[in-house]
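Report on one structure; see the data block that follows.
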Amino acid sequence: MLQAEFIDFAKELQNPHVAAWKAKGGRVVGFYCTDMPEQVIHAAGMLPFRMRGTGNKDYTLSDAILSRFNCTFVRSALNLAMGGRYAFLDGLVVGNTCDHIRRMYDVFGRKLAFEPRFFLSFPHVFTDEGRAWVKDEIERFVQQLSKAYGVSITPEALRDALAVYRENARLLEKIQALRQQDEPRISGTDFIRIAVANGSVRKDFANEQIRKLLPAIEAQQAFRKVRARLMVAGSFVDNPDFIEVLEHAGALVVADSLCIGERSFWDPGAREGGNAPPPADPLDELVRLCYERSLCPRIMGGHAGRLQFVQDQIRDARVDGVVLERIEFCDLHGCSNMMLQHVLEDEGVPVLSLDREYSLGDTGRFKTRVEAFLEKIGG
Ligand code: SF4
């Protein structure tokens, strides 16, 4: 396992970088979820913090508000917030991603009297009108954020933030390449630890840390005897222990289609030597990042793109089998997984479908199913 303080940030909700940032008077703004324009928060000189449920033990507080039919990730994060564990936040951004998350905007306001909150409504289909709509929403968000905190967010600051995020995507792609190679240099567990830490700090800090980490990853002993190369796709995973369960029997997770994993930085435009320069208007670049490249199943009619992404990963990472996981009551990934499973199995790709809770609980059942899957695919 890779050793570095930065990647240990995945273990706890709070981390020393957030604490130091707050101690200097810096603001931290939480956000749900991948396709939100966190670059605007960065450009405002604040720390965008991806909402998580790390360390939650039960749903005692959140179940007074939510029902048992809400996904356990949302119930976990709310439980932490109600217990004061998100006291370090100075604001919250919520998008209309899934119904469970969308409701967090109201709950944080009505039940926790949490302010300031910002809501961004993005369309659920890809259209030209949708593009204009997203641009309007982001522009409105820039104004609201500026007004709420009395800060100026200039086009120059947005361009600088976009450059930092582009660099971040480029660095994460380098790590991804190291886990895709024939003899990977990094496990899927460590990859997710890095991705989670990356979502909990300022990206300029993350870039520094990842630049330092890269030589250590390259120098790691390669994984030579891998029982099977797996890809994992589906609902929100921010707990590296879940990936570790998949890897416990000698398999290696070499690719993913997870919102905090590869989908968070996947951007062909950020690859070195690749593609066109960013558009002059930073809002157009944000529309591209937050909408046009979205792989979130909230987008109706986006299945072909999501399938293509999974097929590309299977080919590029030479995947032997795909684990499609779903947090119970996650309709978006439930539907998406089912559609992916039909096509992948028709193409002869072995698929393991897992329903789970956000918190890991009893891992024995998963280990048995993973073991059986590895035997089935001949690993
Ligand atoms: S796991 Fe599914 S239901 Fe839960 S927040 Fe994510 S998309 Fe929504």
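Order of appearance sets the numbers: ligands from 1, and atoms from 1 within every ligand. Just so you know, these numbers come straight off a predicted model, no measurement behind them.
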Quick one: does ligand 1 sit under 4.0 Å from the side chain of V74, the backbone, both or neither, non-hydrogen atoms only? side chain

Would you call E285 and R288 a salt bridge, using N to O less than 4.0 angstrom? yes

Would you list the atom pairs, donor with acceptor, under 3.5 Å between side chains in residues 237-246 and any protein atom, with sequence neighbours excluded?
from : atom 1 : to   : atom 2 : distance (Å)
D238 : OD1    : Y358 : OH     : 2.7
D238 : OD2    : Y358 : OH     : 2.9
N239 : OD1    : D241 : N      : 2.9

The number of protein N, O or S atoms lying under 2.8 Å from atom 2 (Fe) of ligand 1 is 1

Are F31 and F49 an aromatic pair by the rule of ring centers under 6.0 Å? no

Would you verify whether the NZ or CZ of R75 falls within 45 degrees of the ring axis of Y59 while also being under 6.0 Å from that six-membered ring's centre? yes

Does a side-chain heavy-atom distance below 4.5 Å link L78 with K111? no

Report yes or no: does W21 contribute a side-chain atom to a donor-acceptor pair with the main-chain N or O of V28 at less than 3.5 Å? no

